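Every chain is numbered from 1, with letters handed out A, B, ... down the list of sequences. Just so we're clear, the structure is a prediction, and the values are computed from it rather than from any experiment.
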Amino acid sequence: MKALALALAAIFFIIAFLYLFGILQIGTSHPGRHVSHFVLFAVLGILSLVWIRFQSNSAASLR
Amino acid sequence: MTWLQAMVLAVLQGASELFPVSSLGHTVLVPALLHWQFDRRDPTFLAFVVALHLGTALALIAFYRRDWARIVRALAASVARGKLSDDPDERVAWLLVVGTVPVALLGVFLEGPVRAFFGSTALVAIFLMLNALVMFAGEWLRRREIGAATSRALPLARLGWRGGGIVGLAQGAALLPGISRSGSAIVAGLLLRLDHDDAARYSFLLATPVIFAASALEVPKLFAPDASAVLAQAGVGGVLAALTAYASIAFLTRWFHSHDLRPFGWYCLIFGAACLALALAKVIS
């Protein structure tokens, strides 16, 4: 699960920057940079990192 | 846009954003009734709308400032600890995160396609009537549930993660002009066994990050070259929207102590039906 969370975080951050630099245009209404898409995926990336932290802690408490 | 129009729109936004009557629907229907023509893509109009939303978001933060202080502290503590505790504020903080993600996804990806509905007054009026039916159905199902002996209201902190996500998803319906964000979130909360107080509180807390983030991201529009023409109107409008929104939350939090959604349902049904009739008769367009 920790690997999944890490992979998700990486994917979300990559997608975030692709939207920020205007490379990714899926689900957008106009061409160009998309700050709101960037913020959304960056937040999802951060949440994935928080998930990793929660998992590390629960694994430590199981030991 | 005249000053009178600007102030009417500000009061309308401040009140209808939080009352379960759809602010988007009202900003389409009321100008149509008054035969006010606005170009919704005009940079000056967009800057004005951003100021109104910012005002509403600030009013929400000001009203729930103590709750937000506790929630942010609890969230930071749980992240630092890497573990969830039994603290109700911590639970509410994560419920807000869980509820915000679906509505943010829907908002970012569907806002553009849904804009097509804004042009049709008749369609907005139909959605407003649908909003009424959703509230009536929610109240009816809720009362049927209360009738069952096993049913008791659930405190907000005990709402499950799935429930939090469902309320967040329900908020997404408000992308359609005529469907109310707070109305759909409160109905979803009621169906998940929250009482009116907690369902309304969760709905208002959930609305805060969404409205604030959406308006904060648009702040550069306030400083666009064309926007300087409406900066004074935007400033005064933002303050007026904030004051109206604050008064609306104060009223609604008291209202939901002892009342339900049905009066708002009747209002939406009657106003929606009247607007639909006028649109079909081509009195408004």
message: With a 4.5 angstrom heavy-atom cut-off, is it the side chain or the backbone of A:I26 that approaches chain B, or both, or neither?
response: backbone
query: If you round to the nearest 0.5 Å, how far is CZ of A:R53 from NZ of B:K83?
result: 12.0 Å
- prompt: What is the minimum heavy-atom distance between A:L47 and B:W94, and which atoms define it?
  reply: CD2-CZ3, 4.1 Å
Portion of B:A80 that has a non-hydrogen atom of chain A nearer than 4.5 angstrom: backbone
field: Contacting region of B:L105 [heavy-atom separation from chain A under 4.5 Å]
entry: both
- request: Evaluate whether atom CZ of B:F212 has more than 12 neighbouring non-hydrogen atoms of other residues, nucleotides or ligands under 6.0 angstrom away.
  value: no
query: So, do B:V108 and A:V39 sit near enough that their side-chain heavy atoms are less than 4.5 Å apart?
result: no
- prompt: Which atoms of A:Y19 come close to chain B, meaning under 4.5 Å heavy atom to heavy atom: side chain ones, backbone ones, both, or neither?
  reply: side chain
query: Which distance, rounded to the nearest 0.5 Å, do you find between the CG of B:L217 and the CG of A:L40?
result: 10.0 Å
query: CZ of B:R81: more than 12 outside heavy atoms within 6.0 angstrom?
result: yes
- prompt: Does the side chain of B:F109 reach to within under 4.5 Å of the side chain of A:T28, using non-hydrogen atoms?
  reply: no
message: Could you check whether atom CZ of B:R66 has more than 12 heavy atoms from other residues, nucleotides or ligands sitting under 6.0 Å from it?
response: no
